[in-house]
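The structure under discussion appears below in the form of structure tokens.
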Amino acid sequence: MTDDQIHWFSIVNSLMIVLFLSGMVAMIMLRTLYRDISRYNQLETQEEAQEETGWKLVHGDVFRPPTNSDLLCVYVGTGVQFFGMLLVTMIFAVLGFLSPSNRGGLMTAMLLVWVLMGLLAGYASSRLYKMFKGSEWKRITMRTAFLFPGIAFVIFFILNALIWGEKSSGAVPFTTMFALVLLWFGISVPLVFVGSYLGFKKPALEPPVKTNKIPRQIPEQAWYMNPIFTILIGGILPFGAVFIELFFILTSIWLHQFYYIFGFLFLVFVILIITCAEITVVLCYFQLCSEDYMWWWRSYLTSGSSALYLFLYAAFYFFTKLQITKLVSGILYFGYMLLASLAFFVLTGTIGFCACFWFTRLIYSSVKID
């Protein structure tokens, strides 16, 4: 086991950065928004209102359903499922129900909680789908139940086949694979359907402002508001908040050390949630101020792009810390890290999206629009 001092130092360091950022973000957002809303609500005449610029102008388009809205619903549902799984597993680990020495126990717990959280995945995706005026809830449910687990299972199966080919004892037995498929089809899929049914029965979420019939033209954007640029910038902060902890996790997985400080991990998880939410909300606000109302997908990708940095860091770790020479071992490492990065993308993207969704509803419901 490694020295605790580094751990404490890294956590305090990470926490200080995030608290400083939170303070700055809160101050900017609260002051600017409060001034914006009060000034907008005090405008007396129609002429004054027409001269107004910024996020108020796009109120007729801001809740227009995005392109590929079905896929967005599926991703958000899967992200909610991941969030629930991590939260419940970490609470159990922090309370001492899961032993750090029993790695299999931790993995089993995560899988079981993931399967049960299918209920939340179905509920979240169908609620959002209904808000986008979708009617084919069964199709969206099937995609939520099969898209991410399907991708994960295919990658896992291919990697396992490689280990089988090497005649290694590390291969997952066929009976365990069968049990996983049984859990997926027997429990997870029905629960996703139950969640979807319950979500679709609820009344649709009504946007606070009406959507215009004709889409408004988006003015030409400054170079720094380019979608690719803002998305890549948005992922740096959430990754920066967790990357030291990530080093310890990678070391425990690949260099056979015990990871035993779940309290620290929970703290880092909270830091990650706050950072993802804050950076996405700030960038979304700047985007709306420049009269670009295409925020749905961008809010998801802004914090989700931290998964790209996670994968790049995993590659850096591979070449600097591990002495792996066999091709199959290298493929295994990158295959599992790709799976971890995909999961991280879905989780952080959903956190950012939910924060933006709450934020846009909040600011547009506080503006008086005739």
Side-chain angles (χ1 to χ4, degrees), residues 55-84 117-148 191-216 218 227 231 273 276-277 280-281 283-285 287-288 291-304 345-369:
W55 57 271
K56 281 82 62 182
L57 286 177
V58 293
H59 67 79
D61 295 279
V62 78
F63 291 104
R64 187 182 301 285
T67 49
N68 295 329
S69 57
D70 294 16
L71 194 61
L72 183 66
C73 298
V74 171
Y75 271 124
V76 170
T78 309
V80 169
Q81 191 174 2
F82 258 111
F83 185 79
M117 287 294 160
L119 196 70
L120 292 183
Y123 184 81
S125 61
S126 66
R127 281 308 300 271
L128 193 60
Y129 184 63
K130 194 169 182 183
M131 187 190 147
F132 292 149
K133 308 279 188 290
S135 54
E136 297 177 26
W137 71 276
K138 284 176 187 160
R139 197 184 71 191
I140 210 81
T141 310
M142 291 293 281
R143 288 173 76 175
T144 307
F146 289 106
L147 184 70
F148 190 87
L191 280 176
V192 173
F193 265 92
V194 171
S196 262
Y197 177 71
L198 293 173
F200 214 77
K201 267 179 67 176
K202 290 247 182 182
L205 290 164
E206 287 299 323
V209 283
K210 285 190 175 70
T211 303
N212 294 339
K213 291 272 189 292
I214 302 161
R216 179 191 174 87
I218 298 170
I231 286 167
I273 294 167
C276 285
T280 315
V281 163
L283 290 172
C284 179
Y285 175 67
Q287 184 189 344
L288 292 172
E291 295 174 41
D292 180 357
Y293 52 84
M294 304 273 198
W295 65 274
W296 297 95
W297 271 109
R298 205 190 294 189
S299 65
Y300 197 98
L301 296 170
T302 297
S303 50
F345 166 72
V346 172
L347 172 77
T348 50
T350 302
I351 294 168
F353 173 82
C354 292
C356 263
F357 186 59
W358 167 80
F359 172 73
T360 45
R361 285 179 70 88
L362 183 77
I363 64 171
Y364 284 100
S365 59
S366 59
V367 168
K368 291 185 207 138
I369 293 158

- Would you say Phe132 has more than 12 foreign heavy atoms packed within less than 6.0 Å of its CZ? yes

- Would you mind reporting whether Tyr364 and Val58 have side-chain heavy atoms less than 4.5 Å apart? yes

- Message: Just by distance, no angles: are the side chains of Thr350 and Tyr300 close enough, under 3.5 Å, to form a donor-acceptor pair?
- Response: yes

- Message: Checking the side chain of Trp297 only, and the main-chain atoms of Thr67 only, is there a donor and an acceptor separated by less than 3.5 Å?
- Response: yes

- Task: Let me see the working for Ile218 and Asp61 under side-chain contact (heavy atoms from CB on, under 4.5 Å), right down to the final yes or no.
- Result: CA-CA 10 Å; Ile218 298 170; Asp61 295 279; over 6 Å; no

- Test item: Gln287 side-chain N/O and Met294 main-chain N/O as donor-acceptor pair under 3.5 Å: yes

- Message: If we ignore hydrogens and angles and just use 3.5 Å, is the side chain of Lys202 paired with the main-chain N or O of Tyr123 as donor and acceptor?
- Response: no

- Item | Side-chain heavy-atom pair Pro215, Tyr293 within 4.5 angstrom cut-off | yes

- Message: With ring pair (Phe, Tyr, Trp, His ring centres under 6.0 Å) as the criterion, how do Phe148 and Phe82 come out once you've worked through the C-alpha distance, each side chain's angles and the decisive distance to 0.1 Å?
- Response: CA-CA 11 Å; Phe148 190 87; Phe82 258 111; 5.2 Å; yes

- Pairwise distance CG(Leu72) to CG(Leu301) - rounded to 0.5 angstrom: 9.0 Å

- Query: Hey, does the side chain of Thr144 reach the backbone of Gly122 with a donor-acceptor pair shorter than 3.5 angstrom?
  - Reply: no

- Taking Ser303 for its side chain and Thr348 for its backbone only, find out whether a donor-acceptor pair lies under 3.5 Å. yes

- Do Pro65 and Lys133 have side chains that get closer than 4.5 Å, going by heavy atoms? no

- Message: Between Arg127 (side chain only) and Pro203 (backbone N and O only), is there a donor and an acceptor less than 3.5 Å apart?
- Response: yes

- Task: Carefully, step by step, assess Arg143 and Leu71 under the rule side-chain contact (heavy atoms from CB on, under 4.5 Å).
- Result: CA-CA 8 Å; Arg143 288 173 76 175; Leu71 194 61; 3.7 Å; yes

- Mind checking the CH2-SG spacing from Trp295 to Cys284? Nearest 0.5 Å is all I need. 6.5 Å

- Query: Going by the angle between their ring planes, with limits at 30° and 60°, are Tyr129 and Phe200 parallel, tilted or perpendicular?
  - Reply: tilted

- Would you sort out whether Phe193 and Met142 count as a side-chain contact (heavy atoms from CB on, under 4.5 Å), showing the intermediate values? CA-CA 8 Å; Phe193 265 92; Met142 291 293 281; 3.5 Å; yes

- Message: Under a 3.5 Å distance rule, please check whether Arg64 uses its side chain to pair with a backbone N or O of Asn212 as donor and acceptor.
- Response: yes

- How are the rings of Phe357 and Trp296 set to each other: parallel, tilted or perpendicular (split at 30° and 60°)? tilted

